[in-house]
Number of protein chains: 2
Amino acid sequence: MFENLFSKGGLSLERLRGFMSMAEAGSISKAAPGDATRQSQISRQIRELEEFFQTELTKRRGKTLTLSPAGQRLKVLIHEQLQDLEDFRKEQEGRPKSYIIGAGASVLEWLVTPALPAISQLLGGAILRTEAHRSRSLAEAVQDGRVDLAVIRQNAVPAGKNHALVLKMRFLLCIPRRLLRPGTTEPEAKKPALWQTLPFAAGRDGGQTDTAVRAAMQDAGVDFQPRFECGSMLQVRQLVALGACAGVLPSLGARGLSAEETLILPFTPLKDYGRALVLHWNERQMRRRGQEVDVLKKVAAQLARSA
Amino acid sequence: MFENLFSKGGLSLERLRGFMSMAEAGSISKAAPGDATRQSQISRQIRELEEFFQTELTKRRGKTLTLSPAGQRLKVLIHEQLQDLEDFRKEQEGRPKSYIIGAGASVLEWLVTPALPAISQLLGGAILRTEAHRSRSLAEAVQDGRVDLAVIRQNAVPAGKNHALVLKMRFLLCIPRRLLRPGTTEPEAKKPALWQTLPFAAGRDGGQTDTAVRAAMQDAGVDFQPRFECGSMLQVRQLVALGACAGVLPSLGARGLSAEETLILPFTPLKDYGRALVLHWNERQMRRRGQEVDVLKKVAAQLARSA
DNA sequence: TTCAAACATGACTCTGAAGTCAGGTATCTT
DNA sequence: AAGATACCTGACTTCAGAGTCATGTTTGAA
């Protein structure tokens with residue numbers, strides 16, 4: 001039974017561990033920063049696995065190594081196997097499993113984090129670890145098992161893959177009242193001509209959300225030159241809350257802003273934005289890890305309620 | 001990354017191998033027959049895994065051990081993992097994967113074995129290993145991954161599990177011409193009254209097929225007392241081919257019998273038997289091992305053509 | 001051209017687990 | 001009750017691989 005895996009030495013869990021540390025860090029030197037001893041050990045272990053599997057697991061790219069296609073497949077395979085062993089062990093010890101849940105930084109902060117206790121409960125008391133990444137990166141990480149659940153834009157989910165609706169994104173125009181002339185009415189505030197006169201904060205990295213906001217402003221006839229360009233919507237909101245400038249925020253991000261200090265209106269140019277946030281998962285992985293589709297749909301429903 | 005699998009010693013591939021050898025053999029002494037040294041090694045390795053996983057993997061039953069529920073789950077898990085490593089390795093070495101295909105002994109002989117070359121081709125040049133077992137045992141083995149494909153009775157397949165029709169079982173009454181009075185016509189041969197006068201071979205082990213044949217004879221008014229009781233339909237066919245007695249054979253088993261020497265008629269009491277043979281597989285396992293459902297349906301179609 | 005960084009390799013020591021031997025314990029058969 | 005079988009455990013030796021140290025090679029930056 002699988003005698004040829006054992007008949008010849010060369011395969012060991014420690015070697016797989018060494019390989020995985022390089023695979024997940026991205027390079028040997030990142031896997032063992034400043035540790036020449038550990039670096040030489042990992043290098044040797046990778047070579048020994050290449051000999052055992054009769055294939056190259058890495059390829060040299062300049063000074064550093066990257067994974068070959070075979071190395072990429074082995075990484076996914078061994079990640080799964082180690083995950084299953086860890087799950088089995090935790091089950092036997094009566095301890096909860098760990099899951100990784102990812103979202104964009106602002107969605108993580110405003111939507112996911114508040115829901116973590118309820119999500120943990122739905123997942124049998126699971127330990128949840130959050131990771132902030134872009135939607136596309138998260139979609140990829142879900143496909144190859146590095147992230148279990150992701151709250152991402154629906155259009156980042158690969159065609160035909162599992163997801164459940166969390167919410168439709170809505171945008172709100174948030175204007176510190178202090179920036180408006182006394183007596184300005186809501187109808188007046190809804191006019192793009194007025195917006196032209198306000199300082200704005202916006203995103204800077206050209207993500208889909210930021211691009212959509214800028215395009216909408218353009219379409220509304222506003223020469224949109226934000227005063228502040230921020231790394232994330234978290235920072236945009238902070239500046240708005242401070243009264244420093246106006247901003248267009250997702251509805252999630254506007255919660256908690258003082259209505260006394262900030263005028264909050266639907267951002268009508270993006271009324272029909274239509275983008276949705278969904279909970280995305282890899283069905284094969286979640287089934288293997290003991291979570292059925294109906295539970296995951298409940299997780300999505302819980303996130304929707306938190307919105 | 002999975003540091004707690006490694007932070008404490010105790011988990012090694014050799015130990016898992018020792019555990020699997022006991023799990024698959026059914027006991028330590030069967031895993032290491034007559035080898036007291038190896039037997040003591042396996043015993044120790046199982047203990048060390050139990051310490052690592054903090055659970056009992058075996059329980060004592062009289063003198064011997066059996067697997068605990070946790071041991072059973074670990075067996076399935078590790079079997080899968082070793083299978084995947086072996087598949088990966090073979091892929092990298094450019095060698096074909098191995099699959100196990102099971103059927104009852106006679107189905108194996110008459111249906112599966114002739115189709116093996118074509119099946120291998122459909123499965124990418126796979127190495128095929130056959131195993132003969134009862135339908136129920138095979139269904140169970142498919143569920144926990146020990147057998148990849150099984151040709152079994154449709155009613156042995158668990159509800160809702162994957163299968164594709166191979167054939168409807170038909171039965172043929174096979175009468176050596178030498179046992180008939182000269183001038184006996186086919187209409188005469190179809191009469192149960194005549195059957196009463198013939199010696200028969202039948203199965204002995206009370207399987208579903210055998211039971212159905214005996215019941216049908218009874219219903220036809222025949223006091224069915226077979227002269228020979230055989231371990232399998234293979235032997236029944238041999239006796240018929242020798243001209244020693246009549247028998248009721250599945251249509252598969254009648255092929256190659258000489259029409260000159262053997263009168264072959266549909267066995268009308270079981271005309272509406274309705275039982276089907278199907279190809280049964282575990283979708284999760286076959287997908288993991290790189291074979292999609294449409295390929296497996298082609299395998300079933302190939303077997304149907306061989307019939 | 002020189003230097004730094006990333007990785008590779010030779011050579012060595014250390015060690016956890018494999019492997020072995022001997023004998024003990026519990027269960028079952030005779 | 002005695003003997004055989006299945007498994008367990010103590011104690012020991014062996015060894016494959018881990019771990020370490022030192023230095024080499026290749027690539028890229030300065």
Side-chain angles (χ1 to χ4, degrees), chain A residues 2-53 55-68 71 78 82 85, chain B residues 1-53 56-68 71 78 82 85:
Chain A
F2 307 118
E3 278 317 300
N4 60 337
L5 287 175
F6 295 102
S7 61
K8 173 188 174 205
L11 187 64
S12 76
L13 288 172
E14 285 293 329
R15 283 177 174 151
L16 291 173
R17 178 190 188 192
F19 167 75
M20 290 301 290
S21 71
M22 175 265 163
E24 294 185 358
S27 70
I28 291 177
S29 58
K30 283 176 183 160
D35 186 343
T37 293
R38 183 71 188 137
Q39 170 270 306
S40 86
Q41 173 77 341
I42 292 176
S43 177
R44 200 186 308 276
Q45 287 179 321
I46 290 172
R47 290 305 149 242
E48 285 154 351
L49 283 176
E50 285 179 331
E51 193 177 324
F52 177 81
F53 284 114
T55 193
E56 289 198 338
L57 299 174
T58 60
K59 56 179 131 189
R60 179 71 68 127
R61 181 138 113 241
K63 287 194 295 188
T64 76
L65 299 180
T66 69
L67 292 181
S68 68
I78 299 306
L82 296 178
L85 285 168
Chain B
M1 180 274 306
F2 306 115
E3 278 319 298
N4 60 337
L5 287 176
F6 296 101
S7 61
K8 171 188 177 206
L11 186 63
S12 75
L13 288 171
E14 286 292 328
R15 282 177 176 153
L16 291 171
R17 177 190 190 194
F19 167 74
M20 290 301 289
S21 70
M22 176 266 163
E24 294 186 357
S27 71
I28 291 177
S29 59
K30 284 174 182 162
D35 186 342
T37 291
R38 181 71 189 137
Q39 171 269 307
S40 86
Q41 171 76 341
I42 292 174
S43 177
R44 199 185 309 275
Q45 286 178 320
I46 291 172
R47 287 308 147 243
E48 287 155 349
L49 284 177
E50 286 178 331
E51 194 177 322
F52 177 80
F53 285 115
E56 288 197 340
L57 299 174
T58 60
K59 56 177 129 188
R60 179 71 70 128
R61 181 140 116 239
K63 288 194 295 184
T64 76
L65 298 181
T66 67
L67 292 182
S68 68
I78 298 306
L82 295 179
L85 285 168

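Here is how names work: the chains are called A, B, and so on, in the same order as the sequence lines, proteins then strands, and each is numbered from 1.
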Report the distance from atom [atom1] of [X] to atom [atom2] of [N], rounded to the nearest whole Å.
X	N	atom1	atom2	result
Ile28(A)	dC7(C)	CD1	P	5 Å
Lys63(A)	dA30(D)	NZ	P	10 Å
Arg15(A)	dG19(D)	CZ	P	11 Å
Lys59(A)	dC7(C)	NZ	P	16 Å
Asp35(A)	dG19(D)	CG	P	11 Å
Arg38(B)	dA22(C)	CZ	P	19 Å
Glu51(A)	dT9(C)	CD	P	11 Å
Arg17(A)	dG16(C)	CZ	C1'	14 Å

What is the nucleic acid contact for [X], judged by heavy atoms within less than 4.0 Å: base, sugar-phosphate only, or nothing?
X	value
Gln39(B)	base
Gly34(A)	nothing
Ser40(B)	base
Gly18(A)	nothing
Ile42(B)	nothing

Nearest heavy-atom pair of [X] and [Y]: which atoms, and what distance?
X	Y	answer
Leu67(B)	Met22(B)	CD2-SD, 3.9 Å
Ser12(B)	Leu13(A)	CA-CD1, 3.8 Å
Arg38(B)	Gln45(B)	NH1-OE1, 4.0 Å
Leu5(A)	Leu82(B)	CD1-O, 3.3 Å

As a test of reading the structure: which of dG17(D), dC7(D), dC21(C) is closest to the side chain of Thr37(B), going by heavy atoms? dC21(C)

Might you confirm whether atom CD of Glu56(B) has over 12 heavy atoms from other residues, nucleotides or ligands at distances under 6.0 Å? no

DNA chain D nearest-nucleotide lookup for Lys30(B) and Gln41(A): closer to the 5′ end is Lys30(B)

Taking the nucleotide of DNA chain D with the nearest heavy atom to each, does Leu13(A) or Ala36(A) sit closer to the 5' end? Leu13(A)

dA6(C), OP1 or OP2 - any side-chain N/O from Ser43(A) closer than 4.0 Å? no

dG17(D) phosphate, OP1 or OP2: any side-chain N/O from Gln45(A) under 4.0 angstrom? no

Side chain [X] and base [N] donor-acceptor under 3.5 Å:
X	N	result
Arg44(A)	dG19(D)	no
Thr64(B)	dC7(D)	no
Ser29(A)	dC7(C)	no

Does Arg17(A) form a salt bridge (Lys or Arg N to Asp or Glu O under 4.0 Å) with Glu3(B)? I'd like the steps, not just the answer. CA-CA 9 Å; Arg17(A) 178 190 188 192; Glu3(B) 278 319 298; 2.8 Å; yes

